[in-house]
Undergrad: 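First the structure, which I've put down as structure tokens, then a few questions once you've had a look.
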Amino acid sequence: MLSEPRSGRLAAWGNSLLAGLVSPDEAVLAIVGDDTVHRVEGLPGEEGPVGLTLALGRLRALGVAGWRVALPAPGHPLGLSGPPEFNARALEAEEAVVGYGAPFGLVPEVCEAGPDGDVRVEVVWHCQPVREAPPADVPSLGEAERELAEALREATVVLTRLDVAASGPVAEAALDAYRARAEAGREVLSPGYPPRAVRVLELAQRVGLLISLAYSPAYGTGGAPGGAVSASEMAARAEALRPVERVARRAQVAAFNAWVEQRQRERG
């Protein structure tokens with residue numbers, strides 16, 4: 001959760017493109033990121049996969065006025081609105097983007113090839129019909145911020161109780177990497193998003209960092225890297241942190257979806 005999901009990048013930069021705040025080239029470059037190439041399959045009017053620039057332009061012409069994010073997990077269709085076929089593909093990928101203004105959604109399929117150190121990552125976004133309805137279980141930014149503050153306190157208490165201290169070489173290395181990215185001036189969200197959305201996403205990523213450290217088998221008791229962690233200990237961690245993880249995912253979706261929610265309020 002330290003880096004944005006691909007659906008988050010597509011929704012954020014796709015929204016900035018729709019707002020005229022970035023050029024198509026800037027948007028596509030940001031969406032592709034470190035991947036090799038992104039294509040879109042199943043686009044209306046096209047027989048095969050097409051480039052991301054063409055696809056975003058075509059979907060805009062078909063009526064898409066904004067993009068929302070979905071980050072579903074088993075038993076939690078977060079951000080989805082149906083139909084079942086789209087939900088099933090999104091659940092398998094654990095993410096999707098859902099169009100606002102026109103019934104189209106995109107689900108990424110990631111393919112990796114090549115030796116270590118020279119891996120090519122190609123992404124195919126599958127375009128499918130979606131149901132035009134409110135997304136499932138997405139909080140407002142205000143709700144997400146309050147829930148996250150409580151979740152961060154709860155995660156600290158839980159990790160302390162389970163003897164997983166937020167210290168030690170593994171934790172420090174992860175925190176150093178997080179700080180370095182922040183200091184490098186990375187854009188947490190794209191142009192046009194409200195400051196509160198940026199704040200909520202950053203906090204969600206911090207909570208995600210704690211969760212990823214706690215789930216790491218190499219992160220032993222007392223924060224010691226390489227310490228023995230039994231299956232029962234890992235199960236206890238997972239059970240205790242599952243509600244915190246759910247809150248962090250909900251907050252991420254709320255942050256990425258803030259652009260569309262803001263446009264809805266402006267239009268009354």
Undergrad: Under a single-linkage definition using a 4.5 Å side-chain heavy-atom cutoff for Ile, Leu, Val, Met, Phe, Trp and Tyr, are V28 and V124 assigned to the same hydrophobic cluster?
TA: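 Per the 4.5 Å side-chain linkage, V28 and V124 are not co-clustered.
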Undergrad: If I compare all heavy atoms of S16 with all of P191, which pair ends up nearest, and what's the gap?
TA: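 Shortest heavy-atom separation between S16 and P191 comes out as OG-O, 2.5 Å.
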Undergrad: Say you draw a straight line from CD of E92 to CG of N87; how long is it, rounded to the nearest 0.5 Å?
TA: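 Reported value, rounded in 0.5 Å steps: 13.0 Å.
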Undergrad: With a 4.5 Å heavy-atom cut-off, do L71 and S7 have their side chains touching?
TA: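 The answer is yes; the side chains approach within 4.5 Å.
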Undergrad: Taking all atoms of both residues into account, what is the closest heavy-atom pair of L148 and A204, and its distance?
TA: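 Scanning both residues completely, I find the closest heavy atoms to be CD1-N, 3.7 Å.
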Undergrad: Between E122 and R120, does any side-chain N to carboxylate O distance fall below 4.0 Å?
TA: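 Salt bridge flag = yes for R120 with E122.
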Undergrad: Verify side-chain contact (heavy atoms from CB on, under 4.5 Å) between L10 and L52, making sure each step is shown before the conclusion.
TA: CA-CA 10 Å; L10 191 148; L52 202 51; 4.3 Å; yes
Undergrad: Between E109 and H126, is there a donor-acceptor pair closer than 3.5 Å when you use the side chain of the first and the backbone of the second?
TA: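 Absent.
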Undergrad: Under 4.5 Å between side-chain heavy atoms, counting indirect links through other Ile/Leu/Val/Met/Phe/Trp/Tyr residues: same cluster for L80 and V130 or not?
TA: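 Hydrophobic grouping puts L80 with V130.
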Undergrad: Take L189 and W259, measure what side-chain contact (heavy atoms from CB on, under 4.5 Å) needs, and give me the verdict at the end.
TA: CA-CA 10 Å; L189 281 170; W259 189 91; over 6 Å; no
Undergrad: Please report the interatomic distance CG(D137) to CG(L78), rounded to the nearest 0.5 Å.
TA: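 Between atom CG of D137 and atom CG of L78 there are 6.0 Å.
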Undergrad: For Q262 and G192, work out which heavy atoms get closest and say how close.
TA: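 Reported closest heavy-atom pair: NE2-O, 4.1 Å.
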Undergrad: Determine whether E150 and V247 satisfy the following criterion, side-chain contact (heavy atoms from CB on, under 4.5 Å), listing intermediate values before the conclusion.
TA: CA-CA 10 Å; E150 179 61 30; V247 167; over 6 Å; no
Undergrad: What pairs with R199 under salt bridge (charged side-chain N to carboxylate O under 4.0 Å, His left out), at least two apart in sequence or on another chain?
TA: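 For R199 the salt bridge (charged side-chain N to carboxylate O under 4.0 Å, His left out) partners, ignoring immediate neighbours, are E145.
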Undergrad: Give a yes or no answer on whether the side chain of S190 reaches the backbone of A12 with a donor-acceptor pair at less than 3.5 Å.
TA: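 Pair found, side chain donor or acceptor close to backbone of A12.
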Undergrad: Say whether, by atom type as modelled, one donor and one acceptor occur between the side chain of S81 and the main chain of R131 under 3.5 angstrom.
TA: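 Between the backbone of R131 and the side chain of S81 there is a qualifying donor-acceptor contact (under 3.5 Å).
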Undergrad: Give the C-alpha distance, both sets of side-chain angles, the deciding distance and a yes or no for side-chain contact (heavy atoms from CB on, under 4.5 Å) between Y193 and L201.
TA: CA-CA 11 Å; Y193 273 82; L201 184 57; over 6 Å; no
Undergrad: Share the residues that join V37 in a hydrophobic cluster, the rule being Ile, Leu, Val, Met, Phe, Trp or Tyr side chains under 4.5 Å apart at the heavy-atom level.
TA: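 Hydrophobic cluster check, V37: no partners found.
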Undergrad: Taking only residues at least two apart or on different chains, which pairs with a member in residues 62-74 satisfy side-chain hydrogen bond (donor to acceptor under 3.5 Å, both in side chains)?
TA: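 Pairs touching residues 62-74 that pass the test: R68-E261, R68-Q264.
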Undergrad: Please determine whether residues W13 and V98 belong to a single hydrophobic cluster, defined as Ile, Leu, Val, Met, Phe, Trp and Tyr linked transitively by side-chain heavy-atom distances below 4.5 Å.
TA: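 Shared cluster, no.
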Undergrad: Minimum heavy-atom separation for A255 and L141, please, with both atom names.
TA: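 So the two residues come closest at CA-CD2, 3.9 Å.
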Undergrad: Can you tell me how far apart CG (L106) and CG (L56) are? Round to the nearest 0.5 Å.
TA: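 It comes to 8.0 Å.
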Undergrad: If you take all heavy atoms of C127 and V40, which pair is closest and at what distance?
TA: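 For C127 and V40, the tightest heavy-atom pair comes out as CB-CG1, 4.2 Å.
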Undergrad: Output the distance between atom CD (E245) and atom NE2 (H76), rounded to the nearest 0.5 Å.
TA: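 NE2 of H76 is found 11.0 Å from CD of E245.
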Undergrad: Out of curiosity, L21 CG to N15 CG, how far, rounded to the nearest 0.5 Å?
TA: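 Here the interatomic distance stands at 10.0 Å.
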Undergrad: Please determine if E143 and R146 form a salt bridge, counting it only when a charged side-chain N lies under 4.0 Å from a carboxylate O.
TA: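 No salt bridge links E143 with R146.
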Undergrad: Would you say that L17 contacts P24 through its side chain, given a criterion of any heavy-atom pair below 4.5 Å between the two side chains?
TA: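 Yes, side chains in contact.
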Undergrad: Can you tell me how far CD of E46 sits from CZ of R58, rounded to the nearest 0.5 angstrom?
TA: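 Result: 4.5 Å between the selected atoms.
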Undergrad: Is any side-chain heavy atom of R246 closer than 4.5 Å to one of R242?
TA: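 Contact flag for R242/R246 side chains = no.
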Undergrad: Is there a chain of hydrophobic side chains (I, L, V, M, F, W, Y, each step under 4.5 Å between heavy atoms) that links L43 to V107?
TA: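 No, separate clusters.
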Undergrad: Between V123 and R39, is there a side-chain heavy-atom distance shorter than 4.5 Å?
TA: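 No; the side chains remain at least 4.5 Å from each other.
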Undergrad: Establish, from distance only, whether the side-chain atoms of N257 and Y100 form a donor-acceptor pair under 3.5 Å.
TA: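 Checked: N257/Y100 side chains show no N/O donor-acceptor pair below 3.5 Å.
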Undergrad: Which atom pair, heavy atoms only, marks the closest approach of V200 to A144?
TA: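 Heavy-atom minimum between the residues: CG1-CB, 4.1 Å.
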Undergrad: Between V97 and V32, is there shared hydrophobic-cluster membership here, with clusters defined by ILVMFWY side-chain heavy atoms closer than 4.5 Å?
TA: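 Cluster IDs for V97 and V32 match.
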